[in-house]
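To keep things clear, I will list the structure first and then write my remarks on it.
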Amino acid sequence: MVISKGVPFFRVGIFGKKCYLRFCKILRVLSIKEKVFSQLIKDNQGLIIKVSRLYTNSLEDEQDLFQEIVLQLWRSYDTFKGNSKISTWMYRVALNTAITLFRKKTKSPQTDELMDFHYPDFIEDDDEKQQQISLLYKVVKMLPNVERAIVMMYLDDLPYRDISENLGITEVNARVKMNRLKKTLKELMEKHA
């Protein structure tokens, strides 16, 4: 049965044609929003992968954290006001999600030995660059949460202003911490090389 202008009755139902047309408009807007968000995730997936890798010890946990970060980004997407760069906002959401899940996991029993067994710290490839990257990830994981975040954002060439904004510290404090971290990282890499 058709009411008017080809709009099927079962779609219009008791709510009327205006309600149906508003519903269709909402679906179009939602579809556009989903496409923009998907492109945003594709363009910045490296950022999410880095955060996921630094705050987990296994591939499965890394994938779970990646999904959780994307979910949290979607939930807070409407609250992004554009006062900062999109990457700054994404870092903030990703780091908060990672640290929150990290805290929850530290309350549960530790299974580090099992994780080491299932997720080896070595690279089978003899490529020296890959080994250095692996070593860097290994020593960065030894740092406390905030320091991990500072190192990660520094390696991504974020300005100290963005780093400080993401972490809620002063720009001077971010610079001082990074200078101290450079020394700490150098010592840790020499020790674990």
Side-chain angles (χ1 to χ4, degrees), residues 36-77 80 84-106 112 115-116 118-125 127-169 171 173-189 192-193:
V36 169
F37 181 77
S38 292
Q39 189 61 45
L40 178 70
I41 296 299
K42 286 178 188 172
D43 293 345
N44 294 284
Q45 69 182 346
L47 175 153
I48 302 169
I49 291 169
K50 288 175 193 169
V51 172
S52 300
R53 181 182 269 182
L54 282 176
Y55 286 89
T56 58
N57 291 322
S58 70
L59 183 59
E60 294 83 19
D61 288 344
E62 184 179 326
Q63 292 168 345
D64 288 347
L65 181 56
F66 183 93
Q67 290 177 355
E68 186 64 29
I69 291 170
V70 171
L71 177 64
Q72 293 304 322
L73 286 167
W74 174 252
R75 286 180 177 163
S76 60
Y77 185 58
F80 177 67
S84 61
K85 289 191 266 181
I86 194 82
S87 61
T88 302
W89 169 75
M90 290 181 77
Y91 264 117
R92 180 172 283 181
V93 172
L95 289 170
N96 287 338
T97 303
I99 291 170
T100 300
L101 288 177
F102 181 78
R103 287 181 183 152
K104 286 180 184 177
K105 285 198 175 226
T106 56
D112 289 339
M115 286 183 184
D116 286 342
H118 292 292
Y119 190 70
D121 287 331
F122 63 89
I123 303 289
E124 292 178 20
D125 206 4
D127 186 22
E128 188 174 326
K129 186 175 181 179
Q130 276 302 110
Q131 289 177 348
Q132 287 177 337
I133 291 170
S134 179
L135 178 61
L136 179 63
Y137 271 104
K138 182 179 178 179
V139 297
V140 170
K141 285 181 181 185
M142 295 176 186
L143 300 173
N145 291 332
V146 174
E147 282 76 10
R148 283 187 207 183
I150 291 171
V151 170
M152 181 188 59
M153 289 186 276
Y154 178 80
L155 292 174
D156 278 344
D157 293 326
L158 258 69
Y160 285 111
R161 182 179 47 82
D162 291 352
I163 294 171
S164 64
E165 184 181 317
N166 276 329
L167 299 175
I169 60 177
E171 188 173 338
N173 194 357
R175 287 179 189 275
V176 169
K177 283 181 179 273
M178 191 59 225
N179 284 329
R180 290 178 183 161
L181 283 167
K182 287 177 186 177
K183 182 181 175 187
T184 303
L185 286 172
K186 184 178 179 182
E187 292 169 359
L188 285 171
M189 288 187 75
H192 294 281

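None of these values were measured; they are calculated from a predicted model.
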**Asked** At what distance, to the nearest 0.5 angstrom, does CD1 of I150 lie from CG of L167?
**Response** 5.5 Å
**Student check: side-chain heavy atoms of K177 and N173 closer than 4.5 Å** = yes
**Single hit among V51, L101, I49, D64 for side chain to side chain contact (heavy atoms under 4.5 Å, CB included) with I69** = V51
**Request:** Give the intermediate values and the outcome of side-chain contact (heavy atoms from CB on, under 4.5 Å) for residues I163 and M178.
**Result:** CA-CA 10 Å; I163 294 171; M178 191 59 225; over 6 Å; no
**Prompt:** Can you name the nearest heavy-atom pair linking R148 to L143, along with the distance?
**Reply:** NE-O, 3.0 Å
**Message:** If you compare all heavy atoms of I86 against all heavy atoms of F80, which two are closest, and at what distance to 0.1 Å?
**Reply:** CD1-CE2, 3.4 Å
**Request:** Give me the ring orientation class for Y77 and W89: parallel if the planes are under 30° apart, tilted from 30 to 60°, perpendicular past 60°.
**Result:** tilted
**Request:** Evaluate side-chain contact (heavy atoms from CB on, under 4.5 Å) for N145 paired with Y55, printing each intermediate quantity in order.
**Result:** CA-CA 8 Å; N145 291 332; Y55 286 89; 3.3 Å; yes
**Message:** Quick one, Y137 and K50 - any side-chain contact, counting heavy atoms below 4.5 Å?
**Reply:** yes
**Prompt:** Counting only heavy atoms not in Y154, do more than 12 fall under 6.0 Å of its OH?
**Reply:** no
**Fill in**
dist T184:OG1 -> M142:CE (nearest 0.5 Å) comes out at 12.5 Å
**Message:** A side-chain contact here means heavy atoms from C-beta on lying under 4.5 Å apart; do L155 and L136 qualify?
**Reply:** yes
**Message:** Taking N96's backbone N and O only, do any of them form a donor-acceptor pair with T100's side chain (distance below 3.5 Å, no angle check)?
**Reply:** yes
**Request:** May I have the step-by-step check of side-chain contact (heavy atoms from CB on, under 4.5 Å) for M153 and L95, ending in yes or no?
**Result:** CA-CA 10 Å; M153 289 186 276; L95 289 170; 3.7 Å; yes
**Message:** Apply side-chain contact (heavy atoms from CB on, under 4.5 Å) to residues R53 and F66 and explain how you reach the verdict.
**Reply:** CA-CA 9 Å; R53 181 182 269 182; F66 183 93; over 6 Å; no
**Fill in**
Residues passing the side chain to side chain donor-acceptor pair (under 3.5 Å) test with E68, sequence neighbours excluded, are Q72
**Request:** Evaluate the side-chain proximity of V93 to R75: yes if any heavy-atom separation is below 4.5 Å, no if none is.
**Result:** no
**Asked** Can you name the closest pair of heavy atoms from T88 and N166 and give their distance?
**Response** O-OD1, 2.7 Å
**Message:** Using a 6.0 Å cut-off, check whether atom NZ of K182 has over 12 heavy atoms from anything other than its own residue.
**Reply:** yes
**Where L73 and M90 come nearest, the two heavy atoms and their spacing** = CD1-CE, 3.7 Å
**Complete:** Of all heavy-atom pairs linking H192 and L135, the shortest is O-CD1, 3.6 Å
**Asked** Of all heavy-atom pairs between M189 and Q132, which one has the smallest distance, and what is that distance?
**Response** CE-O, 4.2 Å
**Asked** Counting only N and O atoms by type, is there a donor-acceptor contact under 3.5 Å from the side chain of N44 to the main-chain atoms of L40?
**Response** yes
